[in-house]
Amino acid sequence: MPELPEVETIRSALTLGSREAPSILERQICSVNLSWERTLATPSREEFERRIQGQRIQGTGRRGKYLILQLSQDFLLVHLRMSGDLSVVPTNKPPAPHDRLLIELEGGWRLAFNDTRKFGRVWLVEDPQEVLAPLGPEPLDEDFTPAKLHEKLHAHKRQLKPLLLDQTFLAGLGNIYTDEALHLARLHPLRKSNSLSAAESRRLWDGIRQVLKEGIRRNGASIDWVYRGGEFQNYFRVYGRTEEPCPVCGTAIARMVVGQRGTHYCPACQLLTLGDEKSPSDE
DNA sequence: ACGAGCGCCTGTCGGC
DNA sequence: TGCCGACAGGCGCTCG
């Protein structure tokens with residue numbers, strides 16, 4: 001379930017606690033139970049178990065789609081990939097079917113990493129930059145400006161859709177939010193990045209920020225078996241709405257495959273030709 | 001530099 | 001009913 005807004009929602013829930021579970025902050029780690037070897041990217045299982053034990057969770061953070069837990073000595077980084085989820089459950093609760101890593105905390109609580117498809121990864125590192133260094137800018141940061149996006153777009157000659165999914169270009173967008181941002185910006189997914197006018201780059205900047213903020217405000221999107229109480233799935237404009245009417249113009253939403261990813265767009269609002277570069281509502 | 005194809009995994013859904 | 005392919009919120013790799 002992970003794009004930036006979903007990871008942020010989980011980070012927030014773990015930090016603030018909820019009706020069912022307390023905050024993880026200031027809790028000490030008693031032990032861990034790794035049941036799928038490849039979930040742990042680094043270090044070795046033996047070193048992981050030895051090193052993490054006794055450390056206290058002192059803070060939480062997020063960078064792109066990575067969740068960051070600041071421990072007494074190290075940082076625990078978590079990437080949920082396609083189906084990962086993190087939750088706090090009572091220690092006496094039996095493990096759920098796809099729990100891959102259980103982190104036993106003091107006080108009768110456990111942090112459970114559940115991941116049906118086993119793509120998720122966890123790193124225990126001294127310096128988060130070991131893992132996070134390649135990431136592009138954080139889209140909601142103040143220093144991510146329309147001018148900076150425009151400049152970066154023109155440093156490449158790539159299709160917009162795969163470029164926005166590239167985490168070294170920009171950190172945090174996934175398939176849903178990319179489709180939604182491109183629709184808000186009225187830009188075709190296959191437009192070449194260096195063909196955008198300054199006004200179009202600004203529209204894209206606006207679209208990216210708007211859709212990410214809306215996702216966070218609605219606690220992310222909850223699809224299929226993963227439910228976090230998010231509701232953004234009820235507000236998708238194009239994602240997963242093939243053949244349904246575009247909320248702007250009523251044209252049937254189209255689906256194509258770009259870079260092996262299903263891509264949803266309005267064939268009327270998001271033209272590939274130069275026609276949309278001077279659309280009337282442009283500012 | 002860029003894009004396509006595949007692998008990693010499990011589960012669901014629609015068509016026949 | 002059962003089987004089979006398509007598809008799913010991600011990303012690392014190879015190849016041309």
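Proteins come first, then strands; the chains are lettered A, B, ... in the order of their sequence lines, and each starts at number 1.
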Legend entry - Distance-only polar pair, side chains of A:Asp99 and A:Asn114, donor-acceptor under 3.5 Å: yes
Below 3.5 Å is the cut-off: list the nitrogen or oxygen pairs between protein and nucleotides 3-7 of chain B, distance only.
residue, atom, partner, partner atom, Å
B:dG3, OP1, A:Gln159, N, 3.0
B:dG3, OP1, A:Lys192, NZ, 3.4
B:dG3, OP2, A:Arg158, NE, 3.2
B:dG5, N7, A:Gln260, NE2, 2.3

Inset, instruction - Using atom CG of A:Asn114 as one end and atom C1' of B:dG11 as the other, report the distance to the nearest whole Å. - result: 13 Å
Inset, instruction - Answer yes when A:Lys65 and A:Glu6 have at least one side-chain N-carboxylate O distance shorter than 4.0 Å, and no when they do not. - result: no
Legend entry - Pairing stems for DNA chain C [at least three consecutive pairs; Watson-Crick or G-U; under 3.5 angstrom]: B:2-8 with C:10-16, B:10-16 with C:2-8
Inset, instruction - Starting at atom CG of A:Leu164, determine the distance to atom P of C:dC11, rounded to an integer number of angstrom. - result: 13 Å
Legend entry - Exercise: do A:Thr15 and A:Ser23 side chains pair donor with acceptor under 3.5 Å: no
Inset, instruction - Hey, can you tell me if A:Phe232 and A:Phe236 have their rings parallel, tilted or perpendicular (30° and 60° cut-offs)? - result: perpendicular
Legend entry - N/O (side chain, A:Gln167) to phosphate O (OP1/OP2, C:dC11) under 4.0 Å: yes
Legend entry - Note: A:Glu49-A:Arg45 ion pair, threshold 4.0 Å (strictly below): yes
Inset, instruction - With heavy atoms under 4.0 Å as the rule, sort A:Tyr239 into base, sugar-phosphate or nothing. - result: sugar-phosphate
Inset, instruction - Between B:dG11, C:dA8, C:dC11, spot the one nearest the side chain of A:His98, thanks. - result: B:dG11
Legend entry - Pair A:Gln167-A:Tyr66, side-chain donor/acceptor within less than 3.5 Å: no
Inset, instruction - Output yes if the stacking criterion (under 5.5 Å between centres, under 30° between planes) is met for A:Phe119 over the base of B:dC8, else no. - result: yes
Inset, instruction - For A:His264 and A:Asp179, test the side chains for any donor-to-acceptor distance below 3.5 angstrom and give the result as yes or no. - result: yes
Inset, instruction - Report the distance from atom OG1 of A:Thr91 to atom CD of A:Glu106, rounding to the nearest 0.5 Å. - result: 10.5 Å
Inset, instruction - Tell me which nucleotide among B:dG11, C:dG9, C:dC11 gets nearest to the side chain of A:Asn175. - result: C:dG9
Legend entry - Nucleotide nearest A:Thr116 when distance is taken to its side chain, options C:dC11, B:dG11, C:dG9: B:dG11
Inset, instruction - May I ask you to evaluate whether A:Lys118 reaches the phosphate of B:dT10, defined as a side-chain N or O under 4.0 Å from OP1 or OP2? - result: yes
Inset, instruction - Go through the side-chain N and O atoms of A:Asn219 and A:Thr9 and say whether any donor and acceptor fall under 3.5 Å apart. - result: no
Inset, instruction - Would you classify A:Arg121 as touching base, sugar-phosphate or nothing, given that sugar-phosphate means primed atoms plus P, OP1 and OP2, and contacts are heavy atoms under 4.0 Å? - result: nothing
Inset, instruction - Considering just the side-chain nitrogens and oxygens of A:His79, establish if one lies under 4.0 Å of OP1 or OP2 belonging to C:dC11. - result: yes
Inset, instruction - Indicate whether OP1 or OP2 belonging to C:dG9 is found under 4.0 Å from a side-chain N or O atom of A:Arg261. - result: yes
Inset, instruction - For B:dG3 and C:dG9, measure between their C1' atoms and round to the nearest Å. - result: 22 Å
Legend entry - Between C:dC3 and B:dC9 - P atom distance, rounded Å: 25 Å
Inset, instruction - Check whether any side-chain nitrogen or oxygen of A:Arg255 sits under 4.0 Å from OP1 or OP2 of C:dA8, and answer yes or no. - result: yes
Inset, instruction - Determine, for A:Glu200 against A:Arg186, whether the closest basic-nitrogen to carboxylate-oxygen distance falls under 4.0 angstrom. - result: no
